[in-house]
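Here is the structure we will look at.
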Protein chains: 2
Amino acid sequence: MRDQINGILKRNLLSVTESRKKILELFLQSSGALAHADIEKKTGEKFDRVTVYRTLHSFLNKGIIHSIPSADNAIRYALCKECTEENHQDDHIHFQCKECGNTTCLEDVHVPSIVLPKGFRSERIEMVVSGTCKDCRPGNMHKKAPM
Amino acid sequence: MRDQINGILKRNLLSVTESRKKILELFLQSSGALAHADIEKKTGEKFDRVTVYRTLHSFLNKGIIHSIPSADNAIRYALCKECTEENHQDDHIHFQCKECGNTTCLEDVHVPSIVLPKGFRSERIEMVVSGTCKDCRPGNMHKKAPM
DNA sequence: GTAACTGCAAAATATTTGCATCCTT
DNA sequence: AAGGATGCAAATATTTTGCAGTTAC
């Protein structure tokens, strides 16, 4: 894990600092996407709020994480598996559970191709499905709190 | 138009006030979705900022408009064609143009059905495509500014 | 007339910027 | 040593809340 974190940072020409290591670790450990507020909580407010903003921005610029749009004014971020600075390849679906609040990347479900009206050119597609996730399905005994 | 606006408000048990009429008129005239800031600009700041927030909230509650998620922290709203208070039927794709900034509902392009992993139950799907719209396509001479 | 809506003030929250200091390389 | 990153203070922006006055019905 330590090596993986250092690797990601160095590969992206970011200096290896406490806040970056810790926040990147959070993303690696987390099963789902994280909003700014989540990160503040999970670091125990160890870092200045501004540092968290700046860290997220630089991760976003480098393509280490991607943002997941939402209609609730709480943008969430998740690790990019195959993104680079030039090319965001987030061709997967995001799932937002209304029960536990978790947002996860469904890496295996690919965004279907669609036919746009004449004249439109598509560059990027975001698909966010909301509903109930497998851990919150009624009758599921493995229910667990959001991480 | 006047009749249509009154009709929508009365049907939804909202009293017919200046701000509601004006903001609803904006949506009816607008080719695309509107963010809070757009509405303030287009009304010439005629109404208090708080009134705009409250008007948007009540329209949203009544199902008169729906929100369009985005990754840029600027939630946009668009008229619902077939939504009711209980059932938001926004089964269409939203298109966000990177050139003119307009966000439009592609009413004719329906969200394709997808197969989720076992255990997931889908309630609502949001699909936002970004790229270049037909009016901003290179070589298109009918280019026009965002409304 | 009454309930609902608006505008103003202010609080609460979220985000950005400048700068001096500290840390990584 | 030099450049970049951090923390603090403060500016700016966004959203919510309370309340008194106004408007719709």
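Just so we're on the same page: letters track the sequence lines, and every chain starts at 1. Please read these numbers as outputs of a predicted model, since none were measured by experiment.
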In whole Å, I'd like the distance from the [atom1] atom of [X] to the [atom2] atom of [N].
X	N	atom1	atom2	result
B:F47	C:dC8	CZ	C1'	16 Å
A:L9	C:dT24	CG	C1'	12 Å
B:K21	C:dC5	NZ	C1'	14 Å
A:L56	C:dT15	CG	P	10 Å
A:E40	D:dT6	CD	P	15 Å
A:L13	C:dT25	CG	P	12 Å
B:N6	D:dC25	CG	P	8 Å
B:D72	C:dT16	CG	P	12 Å

Plane angle bin for B:H92 and B:H94 - parallel if under 30°, tilted between 30 and 60°, otherwise perpendicular: perpendicular

5′-ward residue of the pair A:S19/B:A37 relative to DNA chain D: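 Closer to the 5' end of DNA chain D: A:S19.
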
Residue whose nearest DNA chain D nucleotide is more 5′ - B:K10 or B:H36: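 Nearer the 5' end of the strand: B:H36.
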
Of the candidate nucleotides [options], which contains the atom at the shortest distance from the side chain of [X]?
X	options	result
B:R20	C:dC5, D:dT16, D:dC25	C:dC5
B:D48	C:dC8, D:dA9, D:dC25	C:dC8
B:R49	D:dC25, D:dG7, D:dT15	D:dT15
A:T17	C:dT6, D:dT15, C:dT24	C:dT24

Sugar-phosphate, base or nothing in reach of B:V16, heavy atoms under 4.0 Å: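 Result for B:V16 = sugar-phosphate.
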
5' priority, DNA chain C, between A:L14 and B:R54 [closest heavy atom]: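 Whichever sits nearer the 5' end wins; that is B:R54.
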
Short side-chain N/O contact from A:N73 to OP1 or OP2 of C:dA14, under 4.0 Å: no

C:dT25 OP1/OP2 closer than 4.0 Å to side-chain N/O of A:S15: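 A:S15 to C:dT25 OP1/OP2: no side-chain N or O under 4.0 Å.
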
Trace of the ring pair (Phe, Tyr, Trp, His ring centres under 6.0 Å) decision for A:Y77 with A:H66: CA-CA 6 Å; A:Y77 303 90; A:H66 61 271; 9.0 Å; no

A:F95 ring center near B:F120 ring center (under 6.0 Å):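 Close enough - the centres of the two rings lie under 6.0 Å apart.
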
SB check A:R20 A:E18 (cutoff 4.0 Å):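 Here A:R20 does not pair with A:E18 in a salt bridge, since their nearest N and O are not under 4.0 Å apart.
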
Side-chain donor-acceptor contact under 3.5 Å, A:T104 with A:N102: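 Checked: A:T104/A:N102 side chains show no N/O donor-acceptor pair below 3.5 Å.
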
